Amino acid sequence: MDGGESVANRTVDGFDMKRGRTSEGEGGEKEKRREGGVKEGIASEQLMMASQIIREWTGIQQFPPATQTKMFELLGKLKQENVNSLTILVMGKGGVGKSSTVNSIIGERVMAVSAFQSEGPRPMIVSRSRAGFTLNIIDTPGIVEGGYVNDQALELIKRFLLNKTIDVLLYVDRLDAYRVDNLDKQVVRAITDSFGKEIWQRGMVVLTHAQLSPPDGLSYEDFFSRRSEALLKVVRGGARIANREMEDYSLPVVLVENSGRCNKNDCDEKIVPNGTAWIPNLVKTVADVVANGSKGILVDRKLIEGPNPNQRGKLLIPIILAIQFVLPVLMPNSTFLLSNRLKRGSIMMLRTKGNLHGSCGTRIPLDGTDICLISL
Ligand SMILES: Nc1nc2c(ncn2[C@@H]2O[C@H](COP(=O)(O)OP(=O)(O)O)[C@@H](O)[C@H]2O)c(=O)[nH]1
Ligand SMILES: [Mg+2]
């Protein structure tokens with residue numbers, strides 16, 4: 001774990017994780033330090049980091065020959081389609097196996113993995129190049145804290161992604177979880193509100209902890225299909241994908257088993273219980289998603305700072321105005337306290353004099369925005 005942490009802190013595509021700024025921007029400063037002979041050690045370390053930006057994808061050699069052959073075939077196919085590099089964004093709640101999955105794909109322990117919630121607060125990128133193809137994977141910290149989506153964590157992720165194009169989104173969760181809840185929907189909605197609904201056209205669901213014995217006498221296939229359906233329902237809901245749009249959002253689901261105890265087939269490849277060698281299968285699914293006719297998501301300033309990609313705020317304005325003007329007329333003896341957080345997850349609370357009847361009143365879902373009316 002420690003080894004992973006130190007490497008991960010360096011593998012950052014010119015972004016200094018500890019200081020939170022780009023090393024490119026520090027280029028001049030580095031020069032001065034070297035020339036003056038001051039803090040030479042630090043400067044040379046930074047130089048070394050810069051030269052590590054894109055490293056040779058040697059981890060691929062850790063895979064058994066059968067997996068290597070499939071991987072090279074896939075990379076060759078991508079190159080034939082003029083795809084010379086891919087950037088994969090990995091998101092999901094904390095502790096679901098995001099970092100472990102990145103490590104498994106790269107074949108190196110690049111990201112810190114922890115059984116307990118001590119993820120680094122920042123996203124990290126790892127870039128590996130092989131046979132003229134570059135794979136970038138961006139691992140992110142879980143965006144849930146204390147039962148809610150952490151806006152700050154999300155902001156950090158958005159800023160980190162500025163000027164990058166997301167080719168594929170891996171939405172990671174565990175196979176061995178039996179329920180989906182509102183928090184899952186909140187996470188999906190936060191991703192949607194940050195990068196636009198279109199990101200799900202480039203999305204796939206990754207289910208870790210795939211090596212399990214299903215409960216209640218269910219067959220593995222039944223359990224897998226029930227769990228994926230439940231999760232896909234939440235993703236479609238959170239991403240506001242209507243039934244008629246389902247064709248454009250194929251959202252494939254893949255199984256992953258990151259444990260060292262993962263079963264292997266005769267060719268020594270790691271397999272999930274349905275017999276699939278999961279690493280090449282995941283990479284193949286990534287390639288399929290890239291070829292599905294949709295566009296990658298360029299994270300530009302407009303996307304990050306401009307109006308919400310789903311235009312949620314706009315729709316709220318007339319309603320807020322109506323409530324502000326109409327309610328004082330209808331209820332002249334009441335006082336109102338309006339608080340709107342019109343950014344992500346807008347909440348407007350109405351408060352009048354009197355006794356509280358229950359903690360939360362009517363929730364009106366409105367194009368992704370909950371208006372919470374509290375009657376007092
Ligand atoms: N058995 C098993 N454990 C896993 C798997 N993926 C991750 N883990 C473990 O789950 C814990 C959290 O994993 P981590 O990758 O740090 O999750 P993250 O917070 O989503 O990045 C660690 O103890 C991992 O070893 C998996 O597929 N199978
Ligand atoms: Mg992690």
Side-chain angles (χ1 to χ4, degrees), residues 1-12 15 17 59 63 88-126 136-147 149-150 152-154 156-157 160-161 169-178 180 183-184 186-188 190-191 203-215 220 223-224 227-228 231 253-264 269-274 276-283 285:
M1 192 169 97
D2 293 334
E5 178 93 57
S6 62
V7 179
N9 277 334
R10 292 176 184 191
T11 318
V12 285
F15 189 88
M17 305 314 305
F63 299 141
I88 299 175
L89 174 66
V90 184
M91 291 192 80
K93 292 183 291 189
V96 292
K98 297 183 296 298
S99 305
S100 307
T101 304
V102 175
N103 292 345
S104 297
I105 299 169
I106 296 289
E108 279 177 60
R109 204 176 170 82
V110 274
M111 300 296 172
V113 166
S114 167
F116 305 99
Q117 284 204 330
S118 59
E119 289 183 302
R122 291 172 190 282
M124 296 197 185
I125 185 164
V126 53
N136 308 296
I137 312 187
I138 299 163
D139 188 20
T140 62
I143 52 170
V144 171
E145 210 178 88
V149 169
N150 179 343
Q152 254 180 326
L154 204 58
L156 271 175
I157 296 172
F160 184 84
L161 289 167
L169 167 73
L170 300 192
Y171 182 74
V172 184
D173 206 333
R174 294 173 62 143
L175 176 67
D176 64 342
Y178 304 132
V180 288
L183 193 57
D184 298 301
Q186 277 186 50
V187 174
V188 173
I191 296 172
M204 52 191 267
V205 176
V206 171
L207 295 176
T208 61
H209 294 72
Q211 193 164 290
L212 58 76
S213 303
Y220 190 80
F223 182 76
F224 169 57
R227 171 76 179 132
S228 359
L231 207 56
V253 184
V254 296
L255 291 167
V256 161
E257 178 51 71
N258 291 307
S259 162
R261 276 175 292 214
C262 181
N263 287 334
K264 293 179 176 174
E269 296 179 286
K270 289 182 172 178
I271 51 166
V272 284
N274 65 13
T276 309
W278 73 261
I279 294 177
N281 181 55
L282 188 150
V283 176
T285 313

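Note that the structure is a prediction, hence the values are computed from the model and not measured. Heavy atoms only: backbone and side chains are in, while hydrogens, waters and symmetry mates are out. All ligand and atom numbering here is 1-based and tracks the order in the structure.
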- Item | Contacts of Tyr220 that satisfy ring pair (Phe, Tyr, Trp, His ring centres under 6.0 Å) - sequence neighbours left out |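 Not a single residue meets the ring pair (Phe, Tyr, Trp, His ring centres under 6.0 Å) criterion with Tyr220.
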- Task: Any chance you could lay out the side chain to side chain contact (heavy atoms under 4.5 Å, CB included) test for Asp173 and Arg227, step after step, and finish with the verdict?
- Result: CA-CA 10 Å; Asp173 206 333; Arg227 171 76 179 132; 3.4 Å; yes
Could you say whether the N/O atoms of [X] and ligand 1 ever approach to under 3.5 Å?
X	answer
Lys98	yes
Val96	yes
Thr208	no
Ala210	no
Val113	no

- Message: Under 2.8 Å from the Mg ion (ligand 2), can any N, O or S atom of Ser99 be found?
- Response: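 Yes - counting backbone and side chain alike, Ser99 has an N, O or S atom under 2.8 Å.
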Could you report the tightest heavy-atom contact between [X] and [Y], atom names first, then the distance?
X	Y	result
Ser99	Asp139	OG-OD2, 2.5 Å
Ser104	Asn258	OG-OD1, 2.6 Å
Gln211	Arg261	NE2-O, 3.2 Å

- Would you check whether Gly95 reaches within less than 4.0 Å of ligand 1, judged by its heavy atoms?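 Yes, Gly95 has heavy atoms under 4.0 Å from ligand 1.
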Validation row: [X], [Y] side chains within 4.5 angstrom (heavy atoms):
X	Y	answer
Val187	Ile191	yes
Leu207	Val254	no
Thr276	Leu255	no

Go through ligand 1 atom by atom and flag the ones less than 4.0 Å from a non-hydrogen atom of [X].
X	answer
Ser100	6 (N), 7 (C), 13 (O), 14 (P), 15 (O), 24 (C)
Ser99	15 (O), 21 (O)
Gly94	19 (O)
Ala115	11 (C), 22 (C), 23 (O)
Glu257	1 (N), 2 (C), 26 (C), 27 (O), 28 (N)

- Lys93 with Asp184: basic N within carboxylate O range, under 4.0 Å: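 Salt bridge present between Lys93 and Asp184.
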- If you measure from atom 12 (C) of ligand 1 to every heavy atom of Gly97, Ala112, Ser114, Gly92, which option wins on shortest distance?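 Considering heavy atoms of Gly97, Ala112, Ser114, Gly92, the nearest to atom 12 (C) of ligand 1 sits in Ser114.
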- Message: Just to be sure I'm reading this right: ignoring hydrogens, which of His209, Arg261, Lys93 gets closest to atom 9 (C) of ligand 1? Compare them by their nearest heavy atoms.
- Response: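 It is His209 that holds the nearest heavy atom.
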